[in-house]
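The next block holds one structure in the form of structure tokens; read it before the comments.
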Amino acid sequence: LLQKGWMYAHRVYFDDGGWLSQPTGITLPLAPIDRPGAHANLGIKLTYKSGEKNWDYYLEYVRPTTWNQAVNKSFLIVRRMAPKYGGTPAFLGLLEIPGSSGQYAEFLEGSGNVKFRVTLTALPGPIIQVTAQPA
């Protein structure tokens, strides 16, 4: 959606790669794009630069609504877009959003060796907490 200009860029968190230098990575709130009134980011873009490796991670919170309601689960989708491949998005993985706050799900993205963690918060929205950390 961001590439096509169909999402408000000011509702997407952009990081220039500084998160990689932090031992604990970065932790941000994220809401699904179908809940624009939620007090959280509607998307997250994290730049990854390490030696020859250069790409952006795109994180999106997807809930079962309209066209995908039969899935009946919510997910954090992790995508990567690299200039090396013409900016074509690559699906890297997804994490099922835990059913209650305090529980979490993790995914290790092997090409960048980054651990993604998602936790459901008790904030209205619904809002999740997403952590990206160099492993």
Side-chain angles (χ1 to χ4, degrees):
L1 296 176
L2 192 59
Q3 279 184 305
K4 296 286 187 184
W6 296 343
M7 179 187 281
Y8 296 114
H10 69 276
R11 294 299 306 274
V12 176
Y13 180 87
F14 292 89
D15 184 275
D16 62 2
W19 68 277
L20 283 167
S21 64
Q22 304 301 316
T24 58
I26 190 167
T27 300
L28 299 163
L30 183 62
I33 61 172
D34 68 325
R35 292 293 180 96
H39 296 286
N41 303 297
L42 297 180
I44 299 172
K45 178 184 174 193
L46 301 175
T47 297
Y48 181 94
K49 293 179 185 174
S50 178
E52 295 291 316
K53 297 178 180 180
N54 179 18
W55 57 73
D56 295 320
Y57 288 114
Y58 284 82
L59 309 176
E60 180 185 355
Y61 178 7
V62 179
R63 295 178 336 117
T65 58
T66 58
W67 68 271
N68 65 347
Q69 63 187 333
V71 175
N72 205 23
K73 295 180 182 179
S74 297
F75 296 97
L76 173 71
I77 297 178
V78 180
R79 293 183 181 95
R80 177 180 73 197
M81 287 198 297
K84 178 180 176 179
Y85 302 110
T88 302
F91 175 83
L92 299 177
L94 58 93
L95 292 92
E96 185 176 340
I97 307 299
S100 59
S101 62
Q103 297 178 333
Y104 64 89
E106 289 183 338
F107 165 70
L108 180 62
E109 195 284 299
S111 60
N113 202 26
V114 174
K115 180 173 64 173
F116 292 94
R117 176 183 273 199
V118 61
T119 307
L120 181 65
T121 70
L123 299 171
I127 296 174
I128 60 174
Q129 180 175 296
V130 178
T131 301
Q133 180 180 17

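Please read these numbers as outputs of a predicted model, since none were measured by experiment.
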Quiz prompt | Over 12 non-hydrogen atoms of neighbours within 6.0 angstrom of NZ in Lys49 | solution = no

Exercise. Starting at OG1 of Thr47, measure out to CG of Asp16 and round the result to the nearest 0.5 Å.
Key: 6.5 Å

Quiz item: Quick check: does any side chain N or O of Glu109 sit under 3.5 Å from a backbone N or O of Ser111, one acting as donor and the other as acceptor?
Solution: yes

Quiz item: Going from CG on Leu30 to CZ on Arg35, what distance comes out if it is rounded to the nearest 0.5 angstrom?
Solution: 13.5 Å

Self-check item: OH on Tyr48 to CG on Asn113, rounded to 0.5 Å
Solution: 7.0 Å

Exercise. Supply the atom-to-atom distance Leu76 CG to Leu120 CG, rounded to the nearest 0.5 angstrom.
Key: 12.5 Å

Self-check item: Arg117 to Tyr104, cation-pi by 6.0 Å centre distance and 45° axis angle
Solution: yes

Quiz item: Do side-chain atoms of Arg79 reach the backbone of Tyr58 as a donor and acceptor pair under 3.5 angstrom?
Solution: no

Self-check item: Which atom of Glu60 lies closest to which atom of Ile33, heavy atoms considered
Solution: OE2-CD1, 4.0 Å

Practice problem: Would you confirm whether Thr121, through its side chain, and Ile127, through its main-chain N or O, come within 3.5 Å as a donor-acceptor pair? | Solution: yes

Exercise. Return the minimal non-hydrogen interatomic distance between Ala105 and Pro98, and the atom names on each side.
Key: N-CG, 4.0 Å

Practice problem: Using atom types as modelled and distance alone, determine if a side-chain donor or acceptor of Arg63 lies under 3.5 Å from a backbone N or O of Asp34. | Solution: no

Quiz item: Measuring from Leu92:CG to Phe116:CZ, what's the distance to the nearest 0.5 Å?
Solution: 7.5 Å

Practice problem: Return the minimal non-hydrogen interatomic distance between Pro126 and Tyr61, and the atom names on each side. | Solution: CG-OH, 3.5 Å

Quiz item: Does a side-chain heavy-atom distance below 4.5 Å link Ile26 with Tyr13?
Solution: yes

Quiz item: Is the closest side-chain heavy-atom distance between Thr27 and Gln129 below 4.5 Å?
Solution: yes

Quiz item: Does Gly43 offer a backbone N or O that forms a donor-acceptor pair with the side chain of Asn41 under 3.5 Å?
Solution: no

Quiz prompt | In one Ile/Leu/Val/Met/Phe/Trp/Tyr side-chain cluster, 4.5 Å: Val114, Val78 | solution = yes

Self-check item: Heavy-atom pair with the smallest gap, counting every atom of Gly112 and Tyr57
Solution: CA-OH, 3.6 Å

Quiz item: Which pair of heavy atoms, one from Ala38 and one from Ala31, lies closest together, and at what distance?
Solution: CB-CB, 3.6 Å

Practice problem: To the nearest 0.5 Å, tell me how far Glu106 CD sits from Leu95 CG. | Solution: 8.5 Å

Quiz item: If every non-hydrogen atom of Ala132 is compared with every non-hydrogen atom of Leu46, which pair is closest and at what distance?
Solution: CB-CD1, 3.6 Å

Quiz prompt | Residue pair Leu123 / His39, side-chain heavy-atom distance below 4.5 Å | solution = no

